[in-house]
Amino acid sequence: MTPAQDPRTTDKAMPLDPMPAKATTKGAKAARKTPDIVRPYGDTTGDGMVQVSFTLPVPHDKRAEGAALQLAAKMGLEPALLVHAKPMGPDFTFFVVYGSATHLVDLREVTVVEREFPLLSPTEVNKAIKGRLRRKLVVVGACIGTDAHTVGIDAILNIKGFAGEKGLEYYREIKVVNLGAQVLVPELVARARAEKADAVMVSQVVTQRDAHIHNTTTMSAAFREAYPAGQVPLLVVGGPRFEEGSAPKLGVDRIFGRGTTPGEVASYLVHALAPSDPRSKEK
């Protein structure tokens, strides 16, 4: 049975037919409904085609290639085509496999962490901080442990910013203390206390053996031990491998993932530390 004939892809899985030619763009968008059950899209709708890459701890030979196809079949790729195999030294082989996934995705079961605060302009952020805190908001940031990747934290804190937005150093009502890379947790806690930080921002890119999880939980525990109850600074972490919904489990207040902009972080700080909407009086 071809993917197009798979009965699981009919009705719910297949999108509605294209709108008639006379329909307006606005009307077409209103009439089309996202299906609840979907499959990956390759060449045609519902064909389920995906590409995956992985490494096996075996030398490159025909047996290794057979093992790669066996793994692909157990992952639900049927049929699977081995499109690339390359030795990684004498004992490992890297593979790329292309095939049709037999699995379906139910969009109704997808959970998303929605942004619960409005995005503010730099002017609105400065106005909110000045009007409600009546002082500068202090942010201390660092990469902790052995993590030396400062690109993420610098993109948020440094004035050069990211994605066309200037970093927190640009905001006149925010004082930024960027400690850089490979900062020990006790050093971070001590500097946050010395600066009377309102918020502490930590970036974690190194994720081998869940280093980002271990470092984050160690950091949050250290702050709660060093500060009286209710006086711990806002703890914010960011990195490409964090799960957004895991903040409570890690003992932090907020997690930001890949693609976060300085404006998002600044707006969150206002939401958390100066919670009233600065635009409410203007309406």
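Along the sequence shown, residues are numbered consecutively beginning with 1. Keep in mind that the numbers below use all heavy atoms, side chains included, and drop hydrogens, waters and symmetry copies.
Taking the side chain as every heavy atom from C-beta outward, Val139 and Val177 never approach each other to under 4.5 Å. Residues Val236 and Val200 are not in side-chain contact: their nearest non-hydrogen atoms beyond the backbone lie 4.5 Å or more apart. Looking only at side-chain heavy atoms (C-beta outward), Met201 and Ile156 come within less than 4.5 Å of each other. Using a 4.5 Å heavy-atom cutoff, the side chains of Thr44 and Asp47 are in contact. Residues Ser100 and Thr102 fail the side-chain proximity criterion, which asks for heavy atoms closer than 4.5 Å. Counting only heavy atoms from C-beta outward, the side chains of Leu82 and Val96 never approach each other to under 4.5 Å. At least one side-chain heavy atom of Thr216 sits less than 4.5 Å from a side-chain heavy atom of Phe242. Two residues are said to be in side-chain contact when any heavy atoms from C-beta on lie closer than 4.5 Å; Leu269 and Leu137 meet this criterion.
One finds a salt bridge joining Glu195 and Arg191 here, because a Lys/Arg side-chain nitrogen approaches an Asp/Glu carboxylate oxygen to under 4.0 Å. A salt bridge links Asp106 with Arg108; the closest basic N to acidic carboxylate O contact falls under 4.0 Å.
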Show the numbers, then the answer: is there a side chain to side chain donor-acceptor pair (under 3.5 Å) between His60 and Glu65? CA-CA 7 Å; His60 179 215; Glu65 294 183 0; 3.0 Å; yes

Decide side chain to side chain contact (heavy atoms under 4.5 Å, CB included) for Thr34 and Leu107; before the verdict, give the C-alpha distance in whole Å, the side-chain angles of both, and the deciding distance to 0.1 Å. CA-CA 9 Å; Thr34 302; Leu107 297 179; 3.7 Å; yes

Step by step, would you call Glu116 with Arg254 a salt bridge (Lys or Arg N to Asp or Glu O under 4.0 Å)? CA-CA 12 Å; Glu116 74 280 16; Arg254 186 75 181 194; 2.9 Å; yes

I'd like to know whether Glu187 forms a side chain to side chain contact (heavy atoms under 4.5 Å, CB included) with Val185, so could you lay out the CA-CA distance, the side-chain angles of the two residues, the decisive distance to 0.1 Å, and finally the verdict. CA-CA 5 Å; Glu187 295 176 2; Val185 169; over 6 Å; no

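Glu169 contributes a side-chain N or O that, together with a main-chain N or O of Ile159, makes up a donor-acceptor pair within less than 3.5 Å. In this structure a side-chain-to-backbone donor-acceptor pair under 3.5 Å is missing from Arg224 to Met219. When atom types are taken as modelled, the side chain of His103 and the backbone of Leu77 share no donor-acceptor pair closer than 3.5 angstrom. Counting only distance, with no hydrogens or angles, the side chain of Gln231 and the backbone of Pro228 share no donor-acceptor pair below 3.5 Å. Side chain of Asn158 to backbone of Gly161: no donor-acceptor contact under 3.5 angstrom is found. Put simply, the side chain of Ser267 gets close to the backbone of Gly263: a donor and an acceptor are under 3.5 Å apart. Side-chain atoms of Asp91 never come within 3.5 Å of backbone atoms of Val58 as a donor-acceptor pair (strictly under, hydrogens ignored). Side-chain N or O atoms of Glu173 include none that pairs as donor or acceptor with a backbone N or O of Lys130 at under 3.5 Å.
Counting non-hydrogen atoms of other residues, nucleotides and ligands closer than 6.0 Å to CZ of Arg241 gives a total of 12 or fewer. Residue His84 places its NE2 atom among more than 12 non-hydrogen atoms of other residues, nucleotides or ligands, all under 6.0 Å distant. Within a 6.0 Å sphere centred on OH of Tyr170, heavy atoms belonging to other residues, nucleotides or ligands number 12 at most. More than 12 heavy atoms of other residues, nucleotides or ligands lie within 6.0 Å of CD in Gln51, so this atom counts as buried by the packing criterion. Heavy-atom neighbours of Glu225 CD from other residues, nucleotides or ligands within 6.0 Å: at or below the threshold of 12.
Ring geometry, Tyr268 versus His271: the interplanar angle falls from 30° to 60°, so the pair is classed tilted.
Hydrophobic clustering of Ile, Leu, Val, Met, Phe, Trp and Tyr side chains at less than 4.5 Å, counting indirect connections, unites Leu273 with Leu120. Hydrophobic clustering keeps Leu234 apart from Leu250 (ILVMFWY residues linked when any side-chain heavy atoms are closer than 4.5 Å, directly or through intermediates). Note on Val50: it clusters hydrophobically with Leu69, by side-chain heavy-atom contacts below 4.5 Å among ILVMFWY residues. Hydrophobic cluster membership is shared by Val265 and Ile174, with clusters built from Ile, Leu, Val, Met, Phe, Trp and Tyr side chains linked at under 4.5 angstrom. A single hydrophobic cluster is not seen to contain both Phe256 and Val252; linkage of ILVMFWY side chains at heavy-atom distances under 4.5 Å, directly or through other members, places them apart.
Atom NZ of Lys249 is separated from atom OG of Ser220 by 12.5 Å, given to the nearest 0.5 angstrom. A distance of 11.5 Å separates CZ in Phe95 from OG in Ser53, rounded to the nearest 0.5 Å. With rounding to the nearest 0.5 Å, the separation of CG in Leu81 from OH in Tyr98 is 9.0 Å. Atom CG in Leu168 sits 14.5 Å away from atom NZ in Lys175 (nearest 0.5 Å). Rounding to the nearest 0.5 angstrom, the gap separating the CG atom in Leu235 from the CD1 atom in Ile255 is 11.5 Å. Note that CD of Gln182 is 8.0 Å distant from CG of Asp147, once rounded to the nearest 0.5 Å.
Nearest heavy atoms, Tyr171 versus Pro122: CE2-CA, 3.4 Å. Taking each heavy atom of Pro59 and Pro90 in turn, the nearest pair found is CB-O, 3.5 Å. Across all their heavy atoms, Ala101 and Pro40 have their closest contact at CB-CG, 4.4 Å. Here the closest heavy-atom approach between residue Ser203 and residue His149 is recorded as OG-O, 4.4 Å. Among all heavy-atom pairs drawn from Asp198 and Lys136, the shortest one is OD2-O, 4.0 Å. Nearest approach of Phe92 to Pro57, heavy atoms of both residues: CD2-CA, 3.5 Å.
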